[in-house]
Structure formats: C-alpha cells, structure tokens
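Note sheet for the following structure.
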Amino acid sequence: MNGIVAEQSEIERAGSKDARQCRLLSIVVPVFNESETLPEFHRRLSAVLDSMPYTAEVVYIDDGSEDGSAEFVRGLRDSDPRVALIQLSRNFGKEAAMTAGLDHATGDAVVVIDADLQDPPEVIPELVAPWVEGKGEVVYAQRRSRAGETWLKRASAHTFYKLMERVGRAPMPRNVGDFRLLSRAAVADLVRLREQHRFMKGLFAWIGHRQISVPYDRDPRHAGSSKWNYIKLWSFSIEGITSFTTAPLKVATYVGLLVAVLALVFGLGIIYETLVYGSDVPGYPSLMVVVLFLGGVQLTTIGILGEYVGRISDETKRRPLYLVQDHLPAESVPPSDKPSGKAARTR
Ligand code: UDP
Ligand code: MG
C-alpha cells in the first residue's frame with residue numbers, strides 16, 4: 001500500500017517537474033523616461049531569464065515617456081521575442097502603469113520590477129523559487145537597509161509606516177517596494193481592484209494570500225533621476241492613508257469635540273471672572289486666540305473631509321485607469337496561453 005503511494009507521489013513529482021518547465025513567467029516593467037538605463041536593464045534581465053528554465057515574457061509599459069524609451073523597446077522586439085510593449089497614451093503614473101502591466105501579463109507568475117536597476121534583476125530567481133516550491137502566492141523583496149537615503153526620507157518613511165500600522169486594516173510590510181512576484185491567482189485578485197486612487201503597496205497587502213519575504217540590497221539608480229520628490233511623496237502618503245482608513249475623519253471629530261469642550265470651560269471661567277472681579281480689560285487677546293484656534297480646527301476638518309469627498313467624486317466617474325495607445329504582445333508566448341490576459345483586457 002505504502003509502496004503504491006510512494007510510487008504515485010514519485011510520478012506526481014516527475015509530472016510537476018515537467019509542468020515547471022512549461023511555466024510562463026511574466027516580468028512587468030513600468031517605464032517612464034528610462035532610455036539611459038533600458039539597454040543595461042534589458043541586458044541584465046535577459047541574462048537572468050536565459051539562466052532560468054521557464055518561458056518568459058517581458059512586458060514593458062511605456063508610461064508616456066518623452067525620451068524615446070518606447071522606440072527603444074520596439075527595437076528590442078526585433079532581437080528578443082520575449083519583449084512585449086504596452087504604450088499608454090500619456091503619463092498615467094507608476095501605479096497605473098503597473099496595473100496596465102498586470103492586466104496584460106499572461107504568465108503563471110508575474111514579477112513587477114523597476115527599470116532603473118534599483119531592483120537587481122538577479123534577485124528574480126530568488127523570488128521565483130519559493131513560488132515554485134508552493135510556499136506562497138506573493139513573494140516580495142524586502143530591503144535589508146535604507147542606506148544611501150537621506151535621513152529626512154528615512155525618517156518620513158518610518159513615520160508613515162508607523163502611522164499605517166496603527167490605522168490601516170491590512171498590515172503592510174516595511175521597507176518593501178513594488179518589486180515582487182505574484183502568482184496567477186494573486187494577480188487575478190489584484191486586477192479586480194479598480195479604484196482610481198491606487199496605493200499599490202496597500203492593495204498588495206489587502207489581497208492577502210500567503211505572502212513571504214526575500215531580503216535584498218537595493219542598488220542606487222543606474223542613471224537618470226528619481227521621479228519622486230517630497231511633494232509627491234507627501235501626496236503618496238495621503239493617498240495611502242485615505243484609501244485604507246477613515247480614521248482621520250474620526251480624529252477630526254474628536255479634536256473638534258475637545259476644542260468645543262475647552263472653549264466651554266474657558267467661557268465659564270470668563271463668566272466667573274467677570275462676576276467676581278468685574279471686567280475692566282476688554283478680552284481682545286483671548287478672543288482672538290479662540291477665534292483663530294477654532295478657525296484652524298474647522299479648516300483642518302473641512303480639509304480632511306475634502307480629501308475623502310474628492311476621492312468619492314473621482315471614483316464615481318469610473319474612468320479607465322489608463323488608456324493604451326499601442327499593444328505589441330510578446331512572440332515567445334503561444335497564443336493558446338493568452339486567455340487570462342484577454343479576460344483582463346476586456347475589463
Ligand atoms: N515610473 C513610471 N511612471 C511614472 C514614474 C515612474 O512608470 O510616472 C517608473 C520608472 O520608470 C521606474 C519606476 O516607475 O521604472 C520607479 O520610478 P522611480 O525610480 O522614479 O521611483 P523610486 O525608485 O525613486 O521610488
Ligand atoms: Mg527608482
């Protein structure tokens with residue numbers, strides 16, 4: 001009896017080994033003005049893909065580049081059948097570009113990676129291994145350290161993660177970017193989330209599934225400059241907070257209540273003072289303080305409300321998240337492997 005079971009699992013193992021060979025791996029690369037790094041990026045990525053036993057496609061999403069990045073990718077397709085290009089009609093932002101990539105990727109697993117070589121392509125096999133072994137549906141690369149970043153960036157990132165941990169509903173791992181592998185099932189769930197304000201790190205966490213981390217060292221940018229500045233990072237964190245929690249609305253309510261109670265106590269104090277000592281000094285300073293303070297609290301509260309109302313208005317328009325100007329699929333992918341991609345495209 002045991003012998004038969006052992007024999008069966010032997011056959012299964014052999015079978016799954018074959019299945020591994022025909023697995024399709026998609027690499028999704030959002031690209032915005034990266035013509036300086038793309039040649040080196042593709043060279044390193046190709047070397048990694050060549051060393052792996054899977055069919056692969058590399059989906060470059062040109063997010064409205066103005067430096068000829070799209071033309072470069074078009075050229076790559078002549079020499080590399082794995083290359084696919086999705087050209088968006090303008091710059092929609094990295095989150096939308098990644099979504100476009102996930103919608104069009106056809107692989108059994110999809111790896112999202114930056115084009116600037118900050119995420120080393122050499123880490124990809126380490127992300128694929130746990131998935132092949134069936135250990136998890138999401139394998140994310142976790143930065144060992146944030147060395148090389150300014151203290152201000154590190155401090156603000158720290159505060160943001162602390163805040164998100166407190167108020168967010170889905171736990172969000174720290175020092176994790178978008179560099180990760182998602183199984184077909186995880187991608188299918190992720191592309192169902194069509195909100196306009198896409199805070200991908202939050203969405204990645206929200207879908208759940210078994211998620212595991214692989215430590216890596218993030219390299220400096222190969223060339224060009226980061227598309228992020230502090231203003232963008234600030235609105236990015238507002239995005240993160242407002243799309244995953246309504247707690248700030250509660251804070252506004254409580255601060256308002258507290259101020260009202262304090263104002264009441266203060267008012268009673270003034271009445272008492274006037275009754276007992278009489279009023280010989282007009283209360284101009286105290287009045288100004290109260291008026292300005294309450295005005296400030298009211299404006300903040302309205303501002304917080306406005307953030308949410310603005311988001312409601314954006315969501316109700318139900319606009320597509322991105323528009324595709326041109327789509328050139330990879331030749332390495334057999335047509336029969338494309339139904340999942342097609343299903344995603346119709347959405
Ligand atoms: N990116 C994009 N659209 C944008 C901004 C950036 O597709 O509007 C791409 C960019 O080409 C790169 C990745 O997103 O591949 C990360 O961008 P960046 O290096 O500027 O971000 P950082 O590494 O500083 O977070
Ligand atoms: Mg970068």
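Not measured: the values here are computed from a predicted model.
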Can you name the side chain to side chain contact (heavy atoms under 4.5 Å, CB included) partners of [X], sequence neighbours left out?
| X | result |
| --- | --- |
| Val309 | none |
| Tyr216 | Asp119, Pro120, Val123, Ala141, Arg143, Phe179, Arg218 |
| Arg210 | Glu137 |

Do the side chain of [X] and the main chain of [Y] share a donor and acceptor less than 3.5 angstrom apart?
| X | Y | result |
| --- | --- | --- |
| Asp63 | Phe32 | no |
| Asp114 | Asp116 | no |
| Thr301 | Val297 | yes |
| Thr37 | Ala115 | yes |
| Ser183 | Ala186 | yes |
| Arg77 | Val73 | no |
| Gln211 | Phe204 | yes |
| Arg318 | Glu315 | no |
| Asp108 | Arg23 | no |

Exercise. How about Tyr60 and His42: are their ring centres within less than 6.0 Å of each other?
Worked result: yes
Shared hydrophobic cluster for [X] and [Y] (ILVMFWY, side-chain gaps under 4.5 Å):
| X | Y | value |
| --- | --- | --- |
| Leu262 | Leu299 | no |
| Trp234 | Met200 | no |
| Val251 | Leu258 | no |

Exercise. Going through the checks in order, is the side chain to side chain contact (heavy atoms under 4.5 Å, CB included) test met by Leu45 and Ile124?
Worked result: CA-CA 9 Å; Leu45 179 65; Ile124 293 177; 3.5 Å; yes
[Y] side chain reached by [X] side chain, heavy atoms, under 4.5 Å:
| X | Y | value |
| --- | --- | --- |
| Lys94 | Asp178 | yes |
| Ile61 | Val29 | no |
| Val261 | Leu257 | no |
| Pro125 | Val48 | yes |
| Leu321 | Glu195 | no |
| Tyr322 | Asp103 | yes |
| Tyr54 | Val132 | yes |
| Leu102 | Val112 | yes |

For this session: Walk me through it: do Asp189 and His209 pass the test side chain to side chain contact (heavy atoms under 4.5 Å, CB included)?
Result: CA-CA 10 Å; Asp189 287 341; His209 289 292; 2.7 Å; yes
Donor-acceptor side-chain pairing of [X] and [Y] below 3.5 angstrom:
| X | Y | answer |
| --- | --- | --- |
| Arg74 | Gln87 | yes |
| Ser69 | Asp62 | no |
| Ser26 | Glu57 | yes |

Output the distance between atom [atom1] ([X]) and atom [atom2] ([Y]), rounded to the nearest 0.5 Å.
| X | Y | atom1 | atom2 | answer |
| --- | --- | --- | --- | --- |
| Met52 | Leu25 | CE | CG | 5.0 Å |
| His158 | Asn175 | NE2 | CG | 10.5 Å |
| Glu36 | Leu117 | CD | CG | 12.0 Å |
| Leu233 | Ile238 | CG | CD1 | 12.0 Å |
| Ile302 | Glu307 | CD1 | CD | 13.5 Å |
| Arg90 | Ser65 | CZ | OG | 14.0 Å |

Of the non-hydrogen atoms in [X] and [Y], which two are nearest, and what is the gap between them?
| X | Y | result |
| --- | --- | --- |
| Leu88 | Ala100 | CD2-CB, 4.1 Å |
| Phe41 | Pro121 | CE1-CG, 4.3 Å |
| Phe199 | Phe160 | CZ-CZ, 3.6 Å |
| Ile212 | Pro130 | CD1-CB, 3.4 Å |
| Val259 | Phe293 | CG2-CE2, 3.3 Å |
| Ser35 | Asp67 | OG-OD2, 2.8 Å |

For this session: Kindly check if the number of other-residue, nucleotide or ligand heavy atoms within 6.0 Å of OH (Tyr308) is above 12?
Result: yes
Exercise. Salt-bridged, Glu239 to Arg198, with N to O below 4.0 Å?
Worked result: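 Result for this pair is no, no salt bridge flagged.
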Problem set entry | Partner of Asp314 under side chain to side chain donor-acceptor pair (under 3.5 Å), chosen from Gln196, His197, Arg319 |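 Looking at Gln196, His197, Arg319, the match for Asp314 under the side chain to side chain donor-acceptor pair (under 3.5 Å) is His197.
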Problem set entry | Residue pair Arg184, Val110: steps toward the side chain to side chain contact (heavy atoms under 4.5 Å, CB included) verdict | CA-CA 7 Å; Arg184 173 49 46 201; Val110 180; 4.3 Å; yes
For this session: Kindly indicate, with the supporting measurements, whether the criterion salt bridge (Lys or Arg N to Asp or Glu O under 4.0 Å) is fulfilled by Asp50 and Arg82.
Result: CA-CA 11 Å; Asp50 289 342; Arg82 291 177 295 211; 2.9 Å; yes
Exercise. Between Arg43 and Asp80, is a salt bridge (Lys or Arg N to Asp or Glu O under 4.0 Å) present by the stated rule, with each step listed?
Worked result: CA-CA 11 Å; Arg43 193 190 60 73; Asp80 191 341; over 6 Å; no
For this session: Take Leu76 and Phe72 through the test side chain to side chain contact (heavy atoms under 4.5 Å, CB included) and record every step on the way to the result.
Result: CA-CA 6 Å; Leu76 275 182; Phe72 177 78; 3.7 Å; yes
